[in-house]
Amino acid sequence: MKFGFIGAGKVGCSLGKYFADNGQNIAGYYSVLKEDAIEAAQFTNSCSYDTMEQLAGDSDVLFLTVPDGQIETVWNQLKESCAIRIQRSDVSFLSNKIVCHCSGALSSEVFTDITEFGSYGYSIHPLFAVSNKYQSYKELSNSYFTIEGPEKKLDDIKQLLEGFGNPVCVISKKDKVKYHAAAAMASNLVAGLISSSEALLKECGFDNVSAHKALVPIISGNIKHIIHDGVAGALTGPIERNDIGTIRKHLSVLSGNDREIYIAVSRQVVNIAKIKNKDRDYSEMEEILK
């Protein structure tokens, strides 16, 4: 199969390079900014295209690696262009194509009327924060991929990704938003928690640099323990040991968003503590956190 990418940003470049390094044939890239398509093509040893239609015609699998808010717009443009060609009795460039996007939150339903063009639409999402256009592909081998879409080509895509060594989970379109929320909690929201922690340290006399550096060992150590021992096995601290007095003291010095965040996350930590320590009574802790 030949893979084409509409959109030459971080995700498009990373996936294209990852696929190429796994022996796949990359047709190339189209981008509104021609220079971006040229750079991505050079990076993946493929071609840059002047139009989406040319790229679609040369591809068996077409990825729309554009921002979430543009996926529907790009798909509608492809549909309209293809419909005009069909009316002129030209060959449909969408016939028997697999069309994919990489949004975590959107489902394959964004590809409206796709069956009318003889194509198959899928959402394929790497459970990984792609942060660098030319480096992130190196870390994709460790990532789970999720797939959502019709049964027809589902196994083909699953087997392709599993052939790269990636674990694959097939999910339902109704669960896409919940799935994306889970990913955000483990990624973006962690940054929010650490930002709140740094802000509290600065209230205690730390400057920006020292507040950040001071948290590095506890953050990295905690993540390592979670990875190796699971959340219950890694859990320590006042909630785990049912130290009600310390929790009361924490709540007494927190206000506003910091207090709300502390309470909300602590409630979940209590649930983890109850799994770890089945013989402990956390009912008073739960009452305090109401």
Side-chain angles (χ1 to χ4, degrees), residues 1-22 24-79 81 93-94 97-112 114 119-141 143-149 153 157 160-161 164 166 168 176 179-180 183 187:
M1 293 189 294
K2 294 179 70 175
F3 295 82
F5 294 85
I6 296 175
K10 291 182 290 188
V11 173
C13 280
S14 298
L15 277 183
K17 180 64 171 174
Y18 185 59
F19 281 27
D21 282 0
N22 278 280
Q24 301 306 304
N25 189 350
I26 308 302
Y29 289 82
Y30 168 81
S31 176
V32 173
L33 297 176
K34 178 68 174 177
E35 56 269 28
D36 287 350
I38 292 172
E39 279 187 21
Q42 292 172 343
F43 184 56
T44 57
N45 195 28
S46 61
C47 300
S48 63
Y49 285 76
D50 293 326
T51 70
M52 294 189 292
E53 293 81 4
Q54 290 174 339
L55 175 59
D58 282 354
S59 305
D60 300 300
V61 182
L62 187 65
F63 276 91
L64 274 55
T65 46
V66 296
D68 285 16
Q70 296 177 20
I71 292 172
E72 186 174 10
T73 300
V74 171
W75 170 242
N76 286 337
Q77 289 173 350
L78 284 169
K79 282 196 309 181
S81 179
F93 58 77
L94 288 176
K97 307 288 183 176
I98 296 175
V99 185
C100 314
H101 68 69
C102 297
S103 167
L106 293 176
S107 76
S108 60
E109 286 185 330
V110 73
F111 297 124
T112 54
I114 191 166
S119 304
Y120 308 91
Y122 295 88
S123 167
I124 300 176
H125 185 256
L127 191 50
F128 173 74
V130 179
S131 58
N132 188 287
K133 194 172 182 179
Y134 299 116
Q135 297 296 324
S136 289
Y137 76 94
K138 298 175 183 177
E139 301 175 76
L140 280 173
S141 59
S143 299
Y144 262 79
F145 277 78
T146 57
I147 310 173
E148 176 274 317
K153 302 286 185 178
I157 301 170
L160 174 76
L161 295 170
F164 300 164
N166 293 96
V168 176
K176 278 302 302 279
Y179 155 78
H180 193 248
S187 179

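All figures in this text were calculated on a predicted structure; none of them were measured in a lab.
No side-chain heavy atom of Thr44 sits under 4.5 Å from any side-chain heavy atom of Tyr137. Residues Phe3 and Ser46 have side chains not in contact (no heavy-atom distance under 4.5 Å, counting atoms from C-beta outward). Counting heavy atoms from C-beta outward, Leu127 and Thr146 have side chains that stay 4.5 Å or more apart. Between Ile71 and His101 there is a side-chain heavy-atom pair separated by less than 4.5 Å. Side-chain atoms of Leu78 and Ile6, non-hydrogen and from C-beta on, do get closer than 4.5 Å to each other. Using a 4.5 Å heavy-atom threshold, the side chains of Val32 and Gln70 count as separate. Residues Ile157 and Phe145 fail the side-chain proximity criterion, which asks for heavy atoms closer than 4.5 Å. For the pair Tyr179 and Glu148, the minimum side-chain heavy-atom distance is 4.5 Å or more.
If you take CG on Asp21 and NZ on Lys17, they are separated by 4.5 Å, rounding to the nearest 0.5 Å. Here the CD1 atom belonging to Ile147 is positioned 9.5 Å from the OG atom belonging to Ser123, to the nearest 0.5 angstrom. Atom CZ in Phe111 sits 7.0 Å away from atom SG in Cys100 (nearest 0.5 Å). With rounding to the nearest 0.5 angstrom, the CD atom of Gln54 is 11.0 Å from the SG atom of Cys47. Here the straight-line distance linking atom CG of Asp36 with atom SG of Cys13 works out to 8.0 Å at 0.5 Å rounding.
Under a 3.5 Å cut-off, the side chain of Lys97 and the backbone N or O of Leu62 do not form any donor-acceptor pair. Looking at Ser119, its side chain does come within 3.5 Å of a backbone N or O of Leu94 through a donor-acceptor pair. Under the 3.5 Å distance criterion, the side-chain polar atoms of Ser59 are matched with a main-chain donor or acceptor of Leu55. For the pair Tyr49 (side chain) and Gly4 (backbone), a donor-acceptor distance under 3.5 Å is absent.
Annotation: Phe164 is in aromatic contact with Phe19 [ring centroid separation under 6.0 Å].
In plain terms, the two heavy atoms of Tyr122 and Lys153 that are nearest each other are OH-N, 2.8 Å. Across all their heavy atoms, Ser14 and Asn132 have their closest contact at OG-O, 3.6 Å. Minimum interatomic distance between Leu106 and Lys176 (heavy atoms only, all atoms of both residues): O-NZ, 2.6 Å. Closest approach of Cys102 to Phe63, counting heavy atoms only: SG-CD2, 3.7 Å. Nearest approach of Ser48 to Ile38, heavy atoms of both residues: OG-CG1, 3.7 Å. Looking at every heavy atom in both residues, His125 comes nearest to Ser103 through CD2-C, 3.8 Å.
The number of heavy-atom neighbours closer than 6.0 Å to OH of Tyr144, taken from other residues, nucleotides and ligands shown, is 12 or below. Heavy atoms of other residues, nucleotides or ligands lying less than 6.0 angstrom from CG of Asp60 number more than 12.
Thr112 and Lys79 are linked by a side-chain donor-acceptor pair at a separation below 3.5 angstrom, with hydrogens and angles left out of the test. Side-chain contact of Ser136 with Lys10: a donor-acceptor pair under 3.5 Å is absent, judged by distance alone.
Classification of the Tyr29-Phe5 ring pair by plane angle, with boundaries at 30° and 60°, yields parallel.
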Step-by-step side-chain contact (heavy atoms from CB on, under 4.5 Å) determination, Asn45 to Ile26: CA-CA 8 Å; Asn45 195 28; Ile26 308 302; over 6 Å; no
